[in-house]
Amino acid sequence: MRYLLIMFFAANLIGCSTSYQNNDVTGLNFPTVSGENLEKTLVTIPQAFSGQPALLLVGYKQDAQFDIDRWLIGLDMTQTTVAVYEIPTIAGMFPRMFKTVIDNGMRAGIPKELWQGVITVYQDGERVQAFTGNTNPNNTRVLLLDKTGKIVYFYDRGFSVNALNELRLALNKEQVK
């Protein structure tokens with residue numbers, strides 16, 4: 001357990017080593033990146049979600065999980081129906097060297113029935129961080145993709161009820177199309 005905590009600390013320390021200014025990426029296509037879900041299946045984002053809207057909750061540090069959980073609770077409490085994916089995005093060579101340890105740590109804390117929806121991006125982590133920006137890395141990057149991978153809603157300032165309501169409005173527009 002002590003070794004695992006040291007690895008998480010090191011990943012958090014190095015995971016956001018390059019600072020990128022935050023960008024509003026609404027209207028852009030999500031970049032093609034690869035990750036592996038906790039079931040050890042390779043997933044290409046956004047192609048894996050094409051044909052339906054998908055909500056990506058992108059976290060750059062372990063501390064972003066608190067914000068992700070607030071979004072998940074809000075979505076559940078409002079009975080929002082959308083495919084939701086948690087995307088831990090960890091940049092840098094050091095975290096990639098210990099991806100097995102990091103992923104096993106996540107598996108230990110996440111129920112197995114949710115593993116398919118947790119897709120960790122290592123190799124393309126820097127690319128995703130540069131795309132959205134990583135200022136305030138504890139805040140989740142909330143991205144609603146339309147059925148083609150275009151970002152129709154983006155938010156990166158921490159959970160708020162107003163932001164949740166805006167997301168739900170954007171989702172309703174997508175589901176009517």
Side-chain angles (χ1 to χ4, degrees), residues 1-9 11-12 15 30-91 95-96 98-125 128-129 132 137-149 151-156 158-161 163-165 167-168 170-172 174-175:
M1 182 64 160
R2 183 176 178 184
Y3 179 71
L4 183 61
L5 289 173
I6 291 169
M7 296 301 4
F8 274 120
F9 176 73
N12 281 329
F30 193 84
T32 299
V33 298
S34 295
E36 188 176 278
N37 69 21
L38 294 181
E39 292 181 334
K40 300 182 181 181
T41 302
L42 185 63
V43 179
T44 302
I45 303 168
Q47 290 80 352
F49 317 131
S50 65
Q52 66 176 7
L55 182 63
L56 308 184
L57 301 176
V58 179
Y60 295 138
K61 293 179 67 178
Q62 183 182 7
D63 290 343
Q65 188 63 52
F66 177 74
D67 197 33
I68 290 170
D69 290 343
R70 291 187 299 173
W71 279 97
L72 291 172
I73 290 167
L75 292 165
D76 185 58
M77 295 299 292
T78 56
Q79 298 180 355
T80 302
T81 305
V82 64
V84 180
Y85 300 90
E86 290 185 52
I87 314 290
T89 303
I90 307 168
R96 280 197 307 256
F98 295 97
K99 78 183 243 22
T100 302
V101 173
I102 295 168
D103 289 347
N104 284 339
M106 285 189 278
R107 284 184 194 98
I110 297 172
K112 191 170 186 170
E113 61 270 15
L114 301 178
W115 288 4
Q116 183 179 6
V118 178
I119 305 164
T120 307
V121 175
Y122 290 100
Q123 179 102 18
D124 296 323
V128 176
Q129 289 187 23
T132 68
N138 291 341
N139 293 349
T140 303
R141 279 31 182 192
V142 179
L143 301 106
L144 178 62
L145 308 183
D146 71 6
K147 62 184 179 181
T148 67
I151 301 162
V152 295
Y153 179 82
F154 175 76
Y155 190 78
D156 65 354
F159 176 80
S160 77
V161 172
L164 175 61
N165 290 333
L167 168 65
R168 289 171 46 81
L171 179 60
N172 286 339
E174 285 308 305
Q175 291 173 333

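The chain is numbered in sequence order, starting from 1.
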By side-chain hydrogen bond (donor to acceptor under 3.5 Å, both in side chains) - contacts of Glu39 (at least two apart)
none
Please list, chain by chain and in numerical order, all residues satisfying side-chain hydrogen bond (donor to acceptor under 3.5 Å, both in side chains) with Asn37, sequence neighbours excluded.
none
Identify the two heavy atoms, one from [X] and one from [Y], that lie closest to each other, and give their separation to 0.1 Å.
| X | Y | answer |
| --- | --- | --- |
| Ala91 | Gly125 | CB-C, 3.8 Å |
| Leu42 | Gly35 | CD1-O, 3.2 Å |
| Arg107 | Leu38 | NE-O, 2.7 Å |
| Pro46 | Pro31 | CD-O, 3.7 Å |

What pairs of residues pass the side-chain hydrogen bond (donor to acceptor under 3.5 Å, both in side chains) test when at least one of them lies in residues 111-120, not counting sequence neighbours?
none
To the closest 0.5 Å, what do you measure between [atom1] ([X]) and [atom2] ([Y])?
| X | Y | atom1 | atom2 | value |
| --- | --- | --- | --- | --- |
| Met106 | Lys99 | CE | NZ | 8.5 Å |
| Asp146 | Gln52 | CG | CD | 11.5 Å |
| Thr41 | Glu36 | OG1 | CD | 7.5 Å |
| Leu144 | Leu57 | CG | CG | 10.5 Å |
| Leu145 | Phe154 | CG | CZ | 11.5 Å |

Sequence neighbours excluded, the answer for side chain to side chain contact (heavy atoms under 4.5 Å, CB included) partners of Ala163 is Trp71, Tyr153, Tyr155, Ser160
Sub-3.5 Å donor-acceptor pair from the side chain of Thr140 to the main-chain atoms of Ile68, do we have one?
yes
The criterion is salt bridge (Lys or Arg N to Asp or Glu O under 4.0 Å); which residues satisfy it with Arg70, sequence neighbours excluded?
Asp67
In a table with atom names and distances, give each donor-acceptor pair under 3.5 Å that connects a side chain of residues 75-87 to protein atoms at least two apart or in another chain.
| from | atom 1 | to | atom 2 | distance (Å) |
| --- | --- | --- | --- | --- |
| Thr78 | OG1 | Gly74 | O | 2.8 |
| Thr78 | OG1 | Leu75 | O | 3.2 |
| Thr78 | OG1 | Thr80 | OG1 | 2.7 |
| Thr78 | OG1 | Arg168 | NH1 | 3.4 |
| Thr80 | OG1 | Arg168 | NH1 | 2.5 |
| Glu86 | OE1 | Gln65 | NE2 | 3.3 |

Assess, by modelled atom type and distance only, whether the side chains of Thr32 and Gln47 contain a donor and an acceptor separated by less than 3.5 Å.
yes
The single option from Leu56, Ile45, Thr89 passing side-chain contact (heavy atoms from CB on, under 4.5 Å) against Val128:
Thr89
